[in-house]
Amino acid sequence: MLPVRRGPGQPGEDDRGPAAERSRAAAQVGSGGRPSLLIADSEVDDDMLVAIAGGGVEVSVVADGALALLEIGLQQPSALLISARLPVVDGVTVVRTVRSVPGHDDVPILLAVGPDERPAAAAGLDAGASACVGKPYRVPEVLAMVGVIATGRPGAHPPRPAGDEVLRGGPVLLDRAAHEVRLDGTVVSVPPREFRLLALLLEQAGRVVPRETLLREVWGSAHTETNTLAVHVRRLRRRLGEAAGEPTIIESIRGVGYRFRAAPDPT
């Protein structure tokens with residue numbers, strides 16, 4: 001398992017070395033081209049760090065936004081996890097600053113927000129965050145979202161194993177090879193773009209898929225007008241037999257993305 005290094009003000013086992021060895025705000029752990037994650041949070045949990053590092057990801061931790069910006073420039077990490085509430089420079093400003101730098105458009109950025117930080121979540125997504133993650137952290141959720149680092153596909157969830165030509169969720173079955181969608185066994189006509197949208201949601205059934213991911217994968221750019229996505233989701237819901245006001249299996253997560261609520265078929 002890879003060790004985890006923390007910057008100044010972040011207590012931990014690796015802070016016991018001489019001061020000269022801790023002079024940098026944070027240091028990437030390991031070598032040899034492993035994916036890397038920089039976390040800017042003064043309250044990050046050791047168990048989460050160990051779990052992420054155990055998956056082969058180099059982890060660095062800094063305690064404030066100014067150090068985060070410095071280390072992002074030095075390390076060029078594969079992905080970022082930024083707390084909205086940071087000293088010196090707040091998390092939303094960090095996100096906006098990173099996105100303003102040429103070549104950083106596709107770096108996955110998770111903005112961590114507490115239950116009382118909804119305005120920060122909306123501001124962070126507008127500033128360019130890929131998605132928001134709740135605090136206190138839930139380790140499985142964070143692991144699922146940062147797992148994309150190892151895939152080399154920014155803004156996407158880890159892919160399902162090759163060969164998943166048939167995707168199932170609740171009453172919906174999608175057959176890639178036949179380009180066919182069935183609802184309770186009945187064939188439903190779904191245009192190509194909505195077919196790709198449904199496939200992405202089914203691949204991650206039960207998980208929130210960020211709107212940036214859907215826009216990038218279906219329309220080719222995360223900067224596509226988000227109302228376009230909302231319109232296609234609405235049409236897809238109607239094709240799946242949903243009427244306005246009825247419970248939906250494609251759930252909107254305000255300010256984040258969409259989730260296919262029905263559990264995937266275990267077969």
Side-chain angles (χ1 to χ4, degrees), residues 79 105-110 125 129-133 140-244 246-267:
D105 291 347
D106 293 331
V107 177
I109 304 177
L110 303 181
L125 289 167
S130 305
C132 291
V133 61
E141 181 182 7
V142 175
L143 288 175
M145 298 185 82
V146 303
V148 63
I149 303 170
T151 72
R153 295 175 59 214
H157 291 286
R160 294 168 66 95
D164 280 351
E165 293 297 320
V166 177
L167 302 172
R168 296 180 177 87
V172 178
L173 180 148
L174 182 147
D175 188 332
R176 295 183 195 273
H179 204 278
E180 185 177 85
V181 175
R182 290 179 177 268
L183 179 67
D184 288 325
T186 301
V187 175
V188 177
S189 177
V190 178
R193 199 178 297 274
E194 290 172 37
F195 186 93
R196 294 197 297 273
L197 177 60
L198 179 59
L200 283 169
L201 292 169
L202 278 170
E203 284 176 349
Q204 302 297 330
R207 300 178 182 175
V208 179
V209 184
R211 60 187 180 185
E212 289 81 5
T213 299
L214 295 170
L215 289 170
R216 183 181 296 111
E217 297 291 333
V218 177
W219 281 271
S221 171
H223 302 296
T224 303
E225 171 57 49
T226 54
N227 186 57
T228 300
L229 174 59
V231 169
H232 280 75
V233 169
R234 188 159 59 245
R235 291 173 180 169
L236 183 56
R237 285 170 173 158
R238 287 201 297 266
R239 296 183 197 281
L240 298 181
E242 298 178 7
E246 290 184 354
T248 179
I249 56 175
I250 301 178
E251 181 181 14
S252 300
I253 308 300
R254 185 177 177 84
V256 181
Y258 294 90
R259 172 170 56 205
F260 193 97
R261 295 181 62 183
D265 191 313
T267 62

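Computed from heavy atoms alone, side chains included, the values below leave out hydrogens, waters and symmetry copies.
Side-chain contact between Asp184 and Val172 is absent, with no heavy atoms from C-beta onward closer than 4.5 Å. You'll find the side chain of Arg237 reaches within 4.5 Å of the side chain of Ser252, heavy atoms only. Glu180 is listed as a side-chain neighbour of Val187, based on a closest heavy-atom distance under 4.5 Å. For the pair Pro191/Arg239, a side-chain contact is recorded, criterion being any heavy-atom separation below 4.5 Å from C-beta on.
Using a cut-off of 4.0 Å between Lys/Arg side-chain N and Asp/Glu carboxylate O, Glu203 and Arg176 are scored as salt-bridged.
Not counting sequence neighbours, Arg196 has no partner by the salt bridge (charged side-chain N to carboxylate O under 4.0 Å, His left out) test. For Arg193, there are no salt bridge (charged side-chain N to carboxylate O under 4.0 Å, His left out) partners, not counting sequence neighbours.
Going from atom NE2 of His232 over to atom CD of Glu194 covers 5.5 Å, rounded to the nearest 0.5 Å. Taken to the nearest 0.5 Å, the CG atom of Leu240 stands 6.0 Å off from the CG atom of Leu198. Between the CG atom of Leu229 and the CD atom of Glu212 there is a distance of 9.5 Å, given to the nearest 0.5 Å.
For the side chain to side chain contact (heavy atoms under 4.5 Å, CB included) test with Tyr258, the passing option among Val209, Val233, Leu236, Ile253 is Val233; the others fail. Here the options are Leu197, Leu174, Val181, the test is side chain to side chain contact (heavy atoms under 4.5 Å, CB included), and the partner is Leu202; only Leu174 passes.
Under the 3.5 Å distance criterion, the side-chain polar atoms of His179 are left unmatched by any main-chain donor or acceptor of Asp175.
A pairwise comparison of heavy atoms in Val107 and Ala79 identifies CG1-CA, 4.2 Å as the closest pair.
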